[in-house]
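To find a chain, count down the sequence lines: A is the first, B the second, and so on, and within it residues start at 1.
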Amino acid sequence: MEIRFAGVTKQFLPDIVALQDIFLTIEEGEFVYLVGPTGSGKTTLLRLVTRELVPTKGRVTVGDVNIRKIASHNLAYLRRNIGVVFQDFRLLPDLTVYENIAFVQEVIGVPRQDVQKRTNEVLDRLGLWRRRNLFPEQISGGEQQRVAIGRAIANSPSILLADEPTGNLDIDTADEIMQLLLSINASGTTLIVATHNQYIVDSYRQRVIELRKGRLVRDEKKGRYRVDGDF
Amino acid sequence: MEIRFAGVTKQFLPDIVALQDIFLTIEEGEFVYLVGPTGSGKTTLLRLVTRELVPTKGRVTVGDVNIRKIASHNLAYLRRNIGVVFQDFRLLPDLTVYENIAFVQEVIGVPRQDVQKRTNEVLDRLGLWRRRNLFPEQISGGEQQRVAIGRAIANSPSILLADEPTGNLDIDTADEIMQLLLSINASGTTLIVATHNQYIVDSYRQRVIELRKGRLVRDEKKGRYRVDGDF
Amino acid sequence: MGIFRYIMRDTWRLLSRHSGLSLLTIVTSVAVFFLVGASILFVLNTRYIVEAVEGDLTVQVYVRDSEEALEAVARKASSYDSVSSVRVVTSGEALERLKARLGKLAEAVALLDENPLPPSVEIQVKRASFATVIARELIAMPEVEEVVYAGTVAERLQSISYFVARLSMVVLVVSLASAALVLFNTIRIGVYARKEEISKMLLVGATRNFVVFPYVFQGVILGTVGAALAVLLLWFSYGMAITALERSLPFLRLLTDRSIVLRVGAVLVLAGVSVGWICSWLAASRFVRQASRSI
Amino acid sequence: MGIFRYIMRDTWRLLSRHSGLSLLTIVTSVAVFFLVGASILFVLNTRYIVEAVEGDLTVQVYVRDSEEALEAVARKASSYDSVSSVRVVTSGEALERLKARLGKLAEAVALLDENPLPPSVEIQVKRASFATVIARELIAMPEVEEVVYAGTVAERLQSISYFVARLSMVVLVVSLASAALVLFNTIRIGVYARKEEISKMLLVGATRNFVVFPYVFQGVILGTVGAALAVLLLWFSYGMAITALERSLPFLRLLTDRSIVLRVGAVLVLAGVSVGWICSWLAASRFVRQASRSI
Ligand SMILES: Nc1ncnc2c1ncn2[C@@H]1O[C@H](COP(=O)(O)OP(=O)(O)OP(=O)(O)O)[C@@H](O)[C@H]1O
Ligand SMILES: Nc1ncnc2c1ncn2[C@@H]1O[C@H](COP(=O)(O)OP(=O)(O)OP(=O)(O)O)[C@@H](O)[C@H]1O
Ligand SMILES: [Mg+2]
Ligand SMILES: [Mg+2]
């Protein structure tokens, strides 16, 4: 599904403009890095795609749908096509690691056996198998981050939004995660990764979109974390 | 205050040993990086210093006090000497940015005017002045992280524990934070920074302690994020 | 079908993973339903007692001294539905009664040459309010000389019974309203403690129903279990109360059949189910609406 | 002093930043205190009515016909504390009364040559239980021929009054217990919703008291406001209830002075303060203990 921002502005309080006049098209199957200093509007942009937020001005479309026009009881069906790794994880604290990843599949009615198979697969892939019966507060920050990633990819969504997915991971684990994301992208999933991690942006070169104070200041194919000679 | 680990083991479940047989002394005024892959026990080590956890075996002493021996109603007084930047921030969701930073000072009975002065100073230093009246859920991940840092340093503690303090910050902001931490260290505060950020470890060389699967595998003066030729 | 099983499983998780919260809610609903049940039983007994007292009410009809007249009046009286018993009192009987009643003065009556007392028909009515009606109808008969009945007492009983009927409605309404309110608040505060989770579930694509129904079933279970335990408590305490009352107030006619508790209990359990359902549905869908409101 | 101001400020934050939760808690405590207050008023009135009915109890003492004897008995009767009034009834008065009482039979009495009725002393006792005692003491006097009083009625009244006294205790205990339980649970569930915050506060060096006291004060305020509003509600509804009762049951002697509501209200508000304090203290310090338990 294509994601399109047409003249999008998002204002929170009279004096806080988180995004300003964004025009942007992300084709189906693309891999995009979203970079920019802290507070530049990366998370806000992602939250507009999932309709956690609605734009103050302009239009956001996902596939053919204007996200503002979705009736709120249909929202669930939009969100099932979008996997999200939240910056603050948002794991369900009462569910174990296993249950957190199983939950998003159960929600869309996947039968028990399939859920079991897929969840174990994901746990295995992310090295979380031995932590499967622990609750989120019992595991380390990096483990929680991987659970969040596992949950986002469990349903093989057509769009995957990852907000700072390696912030709590060491370089080697971050590398593994990047391999995983690339393979998911290769299978046709659109990927937007908001990140501060210079190492991964520069190692796995992809399209880079840079925000500054809510404005889109750079959109580069096979870009780097920063433009050489930047400031 | 000196921090000393003497044969410390921390076991969570029969099969999860988060730390094993740690011997470690951190002198007053030292600056120490704590590195290691995700799940290696960094956060657990820090939580032993604040007595969020007690060791399964061995002894942790902070200053002259064995942390296991502190009566639980005296715990507050130990914790006031230790500033902590939690990996997951742990901001108080009902308090604004300003109030979160003011709260830790109020807790120890600092008079109103001094609280005001100090809080504004900290907000200014961290570039959060314009966000002071927002609640944690209304600010970006990086801003939350800076609030957590501001809260930890507000009381000028004798020990500062920072768990992944730059995980949600861009390189420039991370640099600023490092300058801040170095200046705090220069004024005599003991600093332990658990981090995955290769860039800062390698740029601001300090003592590096590396954990792997709960064991202390490296303790190097002026070390790097990884030993050359590591794996 | 699969979804339904997941929802039931989630209900169980809600209950078991916050067992402290579940316990608190159950205790509250036991207290609330016990109070409601106790007031219902109190009201039922009061009504029953008032009815029993009312049933003691007698209308005395004095008749011209003739066998036929007596019989005619007695026949007429028996024909009323509201009359529970009719008895003929002859002159002789009446004199005996008078002597017994006068006690010390009996000798005064013994001085009389002939028996001056007329025969009468004694009518037992079922309800105080009927006494007036029957008296008025019988006085119209030519055979009847006079009708005597406890006018004030009947009126008082009537207004007391009317009042008790109204009081019982007020007690019921007030106790049911407070019960619903308290349960609603308790369940709502419980859901409040988990509103973060609700918004997280919605963010990962759960439909409203998928989120709400575990809370609804949880509420139903907590309400029902609370009501059932309250009924159990009522069963034992009603037994004890009745025993105590019969010992200390043997002249009161109470609803001693404990099956009344079961009937009240059935109502309570039903109330538990519906209050649990409605309250948790309202609470959960409120937070769902709040969480899915995009800013 | 500084710390105290911070605590008060934090109390205010607890109340205002979760105003929904505060409102729910207040509504619950209004409902609970209203119920308790209503049952107290009900019990007080029932006791008062029973006492009033008991006060109507008369002991009739028949005396040998002589002025001195009558006076002696009257004097003796007046000396009892438990006697509320004493009246002498002469033979003539007694005959008038008998005629009035016999109605239809008055003519039978009119046939008597001389008045056969002895004079008597009519004693009003304050309490059913005294009737038996006084009767027993007076019969011992040589001047007294006979003592007549409503034996069964007195006994019944006595046991009813005893029962009402016990019932009022039971009603009070049950309603207070349920009230405390419900409020405790409500406050506890409210604190439960914020246990995360409690543990965070402890982690940044807050003492137990610094964490607990805002919750305690919050509980006190919610409990007190709830109780005060309940008293207001009671004030109006008691007025209405009394008016309605006086219209439909004019013969009942009720506690019409509304100041009784204020006295009951004072008790309720006091209960609000203490229940609020105790419950929130228990709830908050439980979570503090839980949070500061190191694993
Ligand atoms: N609900 C809100 N109310 C007010 N301001 C908000 C709200 N949400 C976000 N903002 C502001 O909008 C700006 C952009 O926030 P956003 O979370 O998009 O930043 P970001 O690029 O994700 O930053 P980071 O890298 O630190 O996560 C921030 O300055 C933030 O304070
Ligand atoms: N309460 C707990 N119960 C069970 N296991 C725990 C608990 N807390 C931590 N662990 C386990 O102990 C190990 C060390 O955790 P710790 O949080 O110290 O790692 P870390 O080095 O901080 O990792 P990261 O870099 O991902 O934050 C992890 O594997 C974690 O799953
Ligand atoms: Mg962000
Ligand atoms: Mg950690």
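Residues Tyr225(B) and Ile171(A) have side chains in contact (heavy-atom distance under 4.5 Å, counting atoms from C-beta outward). When side chains are defined from C-beta on, Thr173(A) does not count as touching His196(B), because their heavy atoms never get closer than 4.5 Å. Between Thr43(A) and Ser140(B), the closest side-chain pair of non-hydrogen atoms is not below 4.5 Å.
With hydrogens and angles disregarded, no donor-acceptor distance shorter than 3.5 Å links the side chain of Arg130(B) to the backbone of Ile16(A).
The number of heavy atoms from other shown groups lying within 6.0 Å of CZ (Arg205(A)) is above 12. Within a 6.0 Å sphere centred on CZ of Arg68(A), heavy atoms belonging to other residues, nucleotides or ligands number more than 12.
Between the CD atom in Gln145(B) and the CD atom in Gln87(A) there is a gap of 9.0 Å [rounded to 0.5 Å]. To the nearest 0.5 Å, the span separating CZ on Phe12(B) from CD on Gln138(A) amounts to 9.0 Å.
Below 4.5 Å, heavy atoms of chain A meet no heavy atom from residues 90-98 of chain B.
Proximity to chain A involves both the backbone and the side chain of Glu143(B), based on heavy atoms less than 4.5 angstrom apart. Heavy atoms closer than 4.5 Å to chain A are found nowhere in Asp163(B), neither backbone nor side chain. Of the two parts of Leu13(A), only the side chain, counted from C-beta on, holds a non-hydrogen atom closer than 4.5 Å to a non-hydrogen atom of chain B. In this structure, the portions of Asn168(A) lying under 4.5 Å from any heavy atom of chain B include both its backbone and its side chain.
Look at Arg226(A) and Asp170(B) and you find no salt bridge, because none of the NZ, NE, NH1 or NH2 atoms lies under 4.0 Å from a carboxylate O.
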